[in-house]
Amino acid sequence: MEKDKDKKEKKEKKQFKAESKKLLDLMIHSIYTNKEIFLRELLSNASDAIDKLAYRALTDDSLDVKKEDFAIHIDIDKERRKLIISDNGCGMTKEELENNLGTIAKSGSLDFKKMLEKKDGQDVDIIGQFGVGFYSAFMVSDKIKVESKSVDSDKAYIWKSEGADGYEIKPGKRKDTGTTITLSIKEDTDEENYSEFLDTYRIESIVKKYSDYIRYPIKMMVEHSKLKEGSENEYEKEVVEETVNSMIPLWKKEKKDITEEEYQNFYSSKFFDYDKPLKTIHTKVEGQCSYNALLYIPGHLPYDFYTKEYEKGLQLYSSGVLIMDKCADLLPDYFSFVKGLVDTEDISLNISREILQQNHSLKLIAKSIEKKIKKELETMLKEKRETYESFFKTFGMQIKFGVYADYGTHKDDLKDLLMFYSSTEKKLVTLDEYVSRMKEGQENIYYACGESVDKVDNMPQVEGIKEKGYEILYLTEYVDEFALQTLTTYNAKKFVNVSNDTVDLDSEEEKKELEEANKNAKEMFEEMKKVLESNNISDIKFTHRLKKHPVCLTTEGELSTSMEKVLNALPNDNKVNAKMIMEINENHPISKKIKDLYVNNREELEKYTKILYAQARLIEGLPIDNPTEISNLICDVISEN
Ligand code: ADP
């Protein structure tokens, strides 16, 4: 029975999934010079596979594995042009061979493909830092054979492929758990010397360059000279097996012994990001809690950052052994963009995930890491303004959410990391900078909300305040105003929306004048309010806050029109209405016009009221319920004049 099945399996020849096939094609025909990275990819897969088995062995006593046996072997068969990499990790079942090697497993590969396509085959060095995975081996080989036996299966399987036209899977003979990858190295061409990948020294140096920190020994047969027995000056060659990597994890090395390139190589191979990180934080803490951490702030938004697939968290190692790949409890949500790892002796190796969450040491480490990240960001803001601005443009939204989240619990920790666009500086500024520039007697921090800096700059409510020489913060993201309202004040200065009806910059005399004008127009406004009865307008009045513009809406109380927009866009039935006031510019010709109409033509006043209200809503970016009626009214008014 088994035999029949094996026979059938022998014939299987499968196609790669479409996307994988394209990537494979690109790899095979790649003119990319940094082909050596394929070895890094295969070694890191081998190391991951051993990690997985080591982790399993912690909780499964039935597994017969010994820590000291874990190793990766590299063998070179120059004559047959074979490079063989084998590990005694977890191995793959038949299904895993099919799924893992027949499909692109990782998004990094897709990014790589896009990049290669974009660059139009040009050789770009930056792609050397990609996590392109297993397929990169096709850059140097025309045939690949993978023989693997999974820890979960008693049968071994062989996966074989000669490139883009497909692969086959058949039963194998391997007895021990693990994987052996045999690359048939391409023949040399006029342009390319592939034989270098069959040279022991060359392979040794590639291992040292990219994979030195791998925690399992990478063993190779290496040629040595040694003194001939019985002789004092005659040497002979001997071939011995040697461990070629230092096995010291990068994060355990001294900072001074690590080059920028090593930090970067480590980042890209571990976190599949080919761009330089914006900031690398390498820290060693001893005291209440002890740990080593290597953290990176990415230089760009991870492609899945705003999807539910994105998982925050740091890798957690216990004395050098990986115990969790994404430990979410190590990072607060507002620093969820940070990538990296933590290695500590304070947490035991075989701690279960449930207990880990309540672990006191983990909490201490998390607190300490949070402080460290915050401090690094503050230093960046002080010393490398441009870098910080670029950080804030990418991840500022997280910080603003952090201020607003959990009922403002973290607002004091985060307020000094905030930045907003300033009307006077024409760039991002901090709250501290705003307050330090405030005019004498200025009580409030003014802000205005809108979709873009340009739109806010053209708001009627902004005009008057700008003219009086006050700086205004322009809030263009929907979370902004919620964050400021959570803060309520900064250095005892209140945040005030320029669209709030309490904004009052008039002198006593001007105030009196306006009061008088409003008193005289009281009945007219009552009449107009009746017209807008169904429109949630709580008041209509004259204003001096506008310069050229005829009309605007302001709001009473905490809820502004921009907050109304955000809240009503949420997918629930709790709709809110900001309490709106229509303010008409007392110095604009329109105010005289409506006063005339009130006396002479009430019917016409009704039309004007509706049009003014619609205009005010349009300027606020609010929808109009009755666009046809309004456009007809405008036509009526135009034709009458
Ligand atoms: P990545 O390693 O980024 O996931 P790869 O294309 O390099 O992408 O590998 C795909 C998958 O194949 C891996 O995630 C792993 O599950 C499996 N794999 C690759 N090499 C090995 C190996 N030596 N042992 C066990 N599994 C492996």
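Just follow the structure's listing: the first ligand is 1, and inside any ligand the first atom is 1. Hydrogens, waters and symmetry mates are skipped; everything else that's a heavy atom, side chains included, is used.
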Subject >> Contact (N/O only, under 3.5 Å) between F134 and ligand 1 >> reply: yes
Subject >> Contact partition for T179 relative to ligand 1, non-hydrogen atoms under 4.0 Å >> reply: side chain
Original post:
Do any heavy atoms of K52 fall under 4.0 Å from ligand 1?
Top reply: yes
**OP:** Return the orientation label for the Y334 and H410 ring planes: parallel under 30°, perpendicular over 60°, tilted otherwise.
**Re:** tilted
**OP:** Please determine if Y135 has a nitrogen or oxygen closer than 3.5 Å to a nitrogen or oxygen of ligand 1.
**Re:** no
**OP:** State the CG-CD1 distance between L39 and I203, to the nearest 0.5 angstrom.
**Re:** 5.5 Å
Original post:
Hey, are E309 and Y303 close enough side-chain-wise for a donor-acceptor pair under 3.5 Å?
Top reply: no
Subject >> Candidate list M220, M221, E223, test side chain to side chain contact (heavy atoms under 4.5 Å, CB included), partner T200, passing option >> reply: M220
Original post:
F266 and Y263: aromatic ring centres closer than 6.0 Å?
Top reply: no
Original post:
Just going by heavy-atom distances, which of N45, T180, V146 is nearest to atom 9 (O) of ligand 1?
Top reply: N45
**OP:** May I ask you to say whether K94 pairs ionically with E98, meaning some side-chain N is under 4.0 Å from a carboxylate O?
**Re:** no
Subject >> For M92, the ligand 1 atoms whose distance to one of its heavy atoms is below 4.0 Å >> reply: 17 (C), 18 (N), 21 (C), 25 (C), 26 (N), 27 (C)
**OP:** Under 4.0 Å, heavy atoms only, figure out whether ligand 1 is touched by the backbone of I181, its side chain, both or neither.
**Re:** neither
